[in-house]
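The residues of the chain are indexed from 1 along the displayed sequence. These numbers were taken from a predicted model, which means no experiment stands behind them.
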Amino acid sequence: MDIDRTARADFLRLRREALQPADVGLPRGQRRRTRGLRREEVAALSHMSTDYYARLERARGPQPSEQMIGSIAQGLHLTLPERDHLYRLAGHTPPTSASGTTQHIAPGMLRILDRLDDTPAEIVTELGETLRQTRMGVALVGDLTRYTGRARSLGYRWFTDPETRSRYAPEEHEHLSRVFVSGLREAAVRRGPDSRAADLVDALLRESDEFRALWELHEVGLRPAAGKSFLHPDVGRLDLDCQTLLDPDQSHLLLVYTASPGSESYQKLELLSVIAAA
């Protein structure tokens, strides 16, 4: 595939200039000479060096990898068609979601998450893969974006890594196990035999006796309770409400955890915020 460095550079610059700090959860700060975001801000959002990103905007430097293009697309809050266009400008074929959900988060979903820094929240796929967390989300359950391979799925970790359950109240474990199996069954049927969901099913049938027993029940339609109880190593038990926002186009869920004002869990969330900021 041909690479048009100049068109790619122009596209990146124009998309950067179209963004304001508030669009990506950054403070406005003092008077800005640069229209839109600064290059160093986009580089930080894209998890790369400022020099590397600046060379791309100047139509210089090496061809970026598919992973780099994906990071830039997310950092610039591109729509899915814009992301695919950037992949093509970089000489890559855009990722397909034919066998599962895309990992690219819609700009609107990101804008909401960016405004929730003082609240535990995360964006997950239909397979329970955490794509992005707020600062308080990490403080509540740890960094869930660090996992790779099948372990990215909470449902997979639930049945293969006993430590996964330690953050959840024991009385909820049985129901959550059934929920994960039910959801994975629905996803595997919806996505087909060549999907990542089907791969997770095959792996868990081999690796977990508990999963196999629950799979044989053929349960579907089970959903998590609106309230969730977490066990935190520093602040103890937190009983939280979970509000869910669905992006139907990309099968992503934004999960937001809150506590009733004045409750013990509300006070513990405030304490957790102080701990996270330390």
Side-chain angles (χ1 to χ4, degrees), residues 97-103 105 120-134 137-234 236-244 246-247 250-257:
S97 60
S99 62
T101 56
T102 176
Q103 306 298 297
I105 305 170
E122 60 180 332
I123 295 174
V124 303
T125 70
E126 65 183 5
L127 301 181
E129 302 160 321
T130 299
L131 303 179
R132 191 75 65 93
Q133 293 170 282
T134 61
V138 174
L140 178 64
V141 295
D143 181 6
L144 302 182
T145 65
R146 72 183 187 276
Y147 294 100
T148 60
R150 294 184 181 121
R152 293 184 62 206
S153 166
L154 173 59
Y156 180 82
R157 298 196 306 274
W158 185 264
F159 292 102
T160 59
D161 180 7
E163 180 63 23
T164 299
R165 306 191 185 196
S166 65
R167 289 288 181 107
Y168 299 83
E171 65 268 22
E172 297 184 358
H173 288 186
E174 180 182 359
H175 179 67
L176 286 173
S177 294
R178 294 170 60 205
V179 166
F180 290 140
V181 175
S182 168
L184 192 52
R185 179 182 293 278
E186 294 174 45
V189 171
R190 181 166 56 247
R191 300 299 177 183
D194 297 324
S195 65
R196 288 185 295 120
D199 174 73
L200 286 174
V201 170
D202 291 341
L204 286 169
L205 286 173
R206 293 192 304 268
E207 299 174 32
S208 171
D209 292 338
E210 180 187 6
F211 182 88
R212 282 197 301 274
L214 292 173
W215 184 258
E216 291 175 0
L217 298 179
H218 288 264
E219 291 183 312
V220 294
L222 299 183
R223 297 294 180 263
K228 293 182 182 293
S229 297
F230 295 95
L231 301 180
H232 193 275
D234 294 321
R237 180 175 176 130
L238 297 100
D239 297 312
L240 306 177
D241 295 319
C242 178
Q243 278 73 43
T244 303
L246 169 67
D247 177 355
Q250 293 168 243
S251 297
H252 290 166
L253 300 171
L254 172 60
L255 307 179
V256 182
Y257 302 100

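Between His218 and Arg185, some side-chain heavy-atom pair lies under the 4.5 Å cut-off. Contact annotation: the side chain of Leu176 approaches that of Phe180 to within less than 4.5 Å [non-hydrogen atoms, C-beta and beyond]. Under the 4.5 Å side-chain criterion, counting only non-hydrogen atoms from C-beta, Pro233 is in contact with Arg167. You'll find the side chain of Thr125 reaches within 4.5 Å of the side chain of His252, heavy atoms only. Using a 4.5 Å heavy-atom cutoff, the side chains of Leu240 and Leu140 are in contact. Residues Thr160 and Arg150 are not in side-chain contact: their nearest non-hydrogen atoms beyond the backbone lie 4.5 Å or more apart. Side chains of Leu255 and Lys228 form no contact here, defined as non-hydrogen atoms less than 4.5 Å apart.
Listed by chain and number, the residues in a side-chain contact (heavy atoms from CB on, under 4.5 Å) with Val256 are Leu116, Thr119, Ala121, Leu254, Thr258 (sequence neighbours excluded). In this structure Glu186 satisfies the side-chain contact (heavy atoms from CB on, under 4.5 Å) test together with Ser182, Arg190, Val220, Arg223, sequence neighbours excluded. Applying the side-chain contact (heavy atoms from CB on, under 4.5 Å) criterion to Arg146, with sequence neighbours excluded, gives Asp143.
Checked against the 6.0 Å centroid criterion, the rings of Trp215 and Phe159 do not qualify as a close aromatic pair.
Ring orientation note: the planes of Phe230 and Tyr257 are nearly perpendicular, at an angle over 60° on the 30°/60° scale.
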May I have the step-by-step check of side-chain contact (heavy atoms from CB on, under 4.5 Å) for Glu129 and Tyr147, ending in yes or no?
-> CA-CA 9 Å; Glu129 302 160 321; Tyr147 294 100; over 6 Å; no
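Distance check: Trp158 CH2 to Glu210 CD gives 8.5 Å after rounding to the nearest 0.5 Å.
No donor-acceptor distance shorter than 3.5 angstrom exists from the side chain of Arg165 to the backbone of Pro170, with no hydrogens or angles considered.
The two residues Pro193 and Ala198 have their closest heavy-atom pair at O-CB, 3.5 Å.
When the shell of 6.0 Å around CD of Glu171 is examined, it contains more than 12 heavy atoms from other residues, nucleotides or ligands.
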